[in-house]
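Below is one structure; the comments refer to it alone.
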Amino acid sequence: MTNLFDLTGKTCLLTGASKGIGKSMAIALAQHGGTVIISSRKIDVLKKTAEEINETIGEERVFPVAANAGRKDELENLVNAARQLSGKIDVLICNAGVNPHYGPMSDISDEAYDKTMATNVKSNHWLCQMVAPDMVDRGGGSIMITSSVGAFEPSLNLGTYDISKLAVIGLVRNLAAEYGPQKIRVNAICPAIIKTDFARALWENPEILKSALTGTPQNRIGEPDELGGAAVFLASAAGSYVNGHTIVVDGGTTV
């Protein structure tokens with residue numbers, strides 16, 4: 001037996017967690033003992049997800065709280081609700097993200113550009129500042145922000161989205177340097193194309209899918225469940241000396 005991946009007694013807060021990657025991370029954290037507060041905009045979907053995970057683990061340790069990640073007041077309410085449900089926060093995963101524009105950057109509206117940057121970057125900055133005091137009081141903690149392998153190269157159709165994900169990596173590095181002395185670790189998780197509803201427009205496009213398959217040594221795209229392990233690793237003692245880095249989960253695409 002080992003406690004290397006044990007999250008018993010840890011309070012974990014996840015945004016964008018009603019389905020897809022976020023849901024898989026929530027399942028993995030709960031399976032390893034964590035109490036998990038999941039959030040997204042729609043409470044009905046959240047409740048269904050929480051019930052499903054609680055049934056799987058045989059305990060009620062997953063709780064739904066609706067919040068729009070792009071609104072500061074709702075994030076404040078989310079953090080307060082998490083504290084009321086399970087105490088101070090030990091693990092934060094900022095997984096919520098948007099991509100309202102597909103196409104050249106020259107065609108993007110100001111509204112879509114601002115929404116992308118606000119939700120994918122600024123909201124994560126807000127949430128980290130809200131939660132960090134809890135982790136300081138608890139003697140440390142782990143923060144993860146979902147980025148993307150799109151951060152590593154230009155795109156003719158996902159340019160603004162990819163820029164926001166590159167900004168996330170910059171945010172992670174700086175927060176890791178600032179929070180490191182307080183024993184708070186901050187890392188990014190960078191998936192490639194994962195078979196989720198969010199990425200459906202990509203993996204349902206035959207040309208994009210073919211390119212993804214031929215460019216990946218494993219010759220397949222990823223499944224949501226394959227992100228859970230990275231979250232548990234970074235949240236637990238197993239990742240205690242990993243700070244300021246990007247964990248790439250892409251089947252070898254970037255090599």
Side-chain angles (χ1 to χ4, degrees), residues 12-17 19-26 28-29 39-40 69-70 75 91-102 105 113 115-129 131 142-155 157-180 184-199 201-203 212 215-216 221-224 226-235 239 242-255:
C12 309
L13 174 60
L14 288 78
T15 64
K19 55 185 179 179
I21 289 173
K23 178 181 177 181
S24 295
M25 290 177 173
L29 295 175
S39 181
S40 69
L75 291 180
V91 177
L92 170 65
I93 301 182
C94 302
N95 181 63
V98 299
N99 181 36
H101 176 78
Y102 182 82
M105 287 186 64
Y113 183 92
K115 181 177 182 179
T116 303
M117 292 301 176
T119 304
N120 294 359
V121 186
K122 185 164 65 174
S123 69
N124 294 329
H125 163 72
W126 287 338
L127 199 49
C128 290
Q129 306 308 317
V131 170
S142 176
I143 295 173
M144 290 159 256
I145 306 178
T146 301
S147 179
S148 168
V149 296
F152 306 138
E153 60 183 16
S155 171
N157 292 308
L158 295 170
T160 304
Y161 176 80
D162 288 351
I163 289 171
S164 74
K165 292 303 183 178
L166 182 57
V168 162
I169 294 175
L171 177 64
V172 160
R173 290 174 176 174
N174 217 70
L175 292 178
E178 288 189 19
Y179 292 155
I184 300 172
R185 297 176 293 108
V186 188
N187 293 283
I189 297 178
C190 295
I193 296 178
I194 306 297
K195 197 172 185 180
T196 63
D197 286 343
F198 184 80
L202 301 180
W203 54 265
T216 304
I221 62 174
E223 297 289 339
E226 294 178 295
L227 275 296
V232 172
F233 167 69
L234 291 174
V242 181
N243 190 29
H245 287 287
T246 58
I247 304 297
V248 178
V249 185
D250 70 346
T253 301
T254 51
V255 304

Taking all atoms of both residues into account, what is the closest heavy-atom pair of Ala176 and Val186, and its distance?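 In this case the closest contact between Ala176 and Val186 is CB-O, 3.8 Å.
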Specify the closest pair of heavy atoms between Met25 and Leu14, including all atoms of both residues, with the distance to one decimal.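 Closest approach of Met25 to Leu14, heavy atoms only: CB-CD2, 3.8 Å.
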Report yes if some heavy atom in the side chain of [X] is under 4.5 Å from a heavy atom in the side chain of [Y]; otherwise report no.
X: His101; Y: Thr116; answer: no
X: His125; Y: Val121; answer: no
X: Val172; Y: Ser147; answer: no
X: Leu175; Y: Gln129; answer: yes

Keeping [X] on the side-chain end and [Y] on the backbone end, is there a donor-acceptor pair under 3.5 Å?
X: Asn95; Y: Thr146; result: no
X: Asn187; Y: Gly244; result: yes
X: Lys122; Y: Gly70; result: no
X: Ser24; Y: Pro224; result: yes

Carefully, step by step, assess Met117 and Thr160 under the rule side chain to side chain contact (heavy atoms under 4.5 Å, CB included). CA-CA 8 Å; Met117 292 301 176; Thr160 304; 4.2 Å; yes
Please list, one pair per line, the donor and acceptor atoms closer than 3.5 Å that link side chains of residues 148-155 to other protein atoms, with sequence neighbours excluded.
unit_1	atom_1	unit_2	atom_2	d
Ser148	OG	Gly150	N	2.9
Ser155	OG	Asn157	N	3.2
Ser155	OG	Leu158	N	2.9

Partner of Ile145 under side chain to side chain contact (heavy atoms under 4.5 Å, CB included), chosen from Asn124, Ile93, Thr15, Asn120: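 With Ile145 as partner, Asn124, Ile93, Thr15, Asn120 yield a single side chain to side chain contact (heavy atoms under 4.5 Å, CB included), made by Asn124.
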Say you draw a straight line from CD1 of Ile169 to CG of Asn174; how long is it, rounded to the nearest 0.5 Å?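 Reported to 0.5 Å precision, the distance equals 13.5 Å.
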If the condition is side-chain contact (heavy atoms from CB on, under 4.5 Å), which residues does Val249 pass it with, not counting sequence neighbours?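 Partners of Val249 by the side-chain contact (heavy atoms from CB on, under 4.5 Å) criterion, ordered by chain and then number, come out as Ile189, Leu227, Ala230, Ile247.
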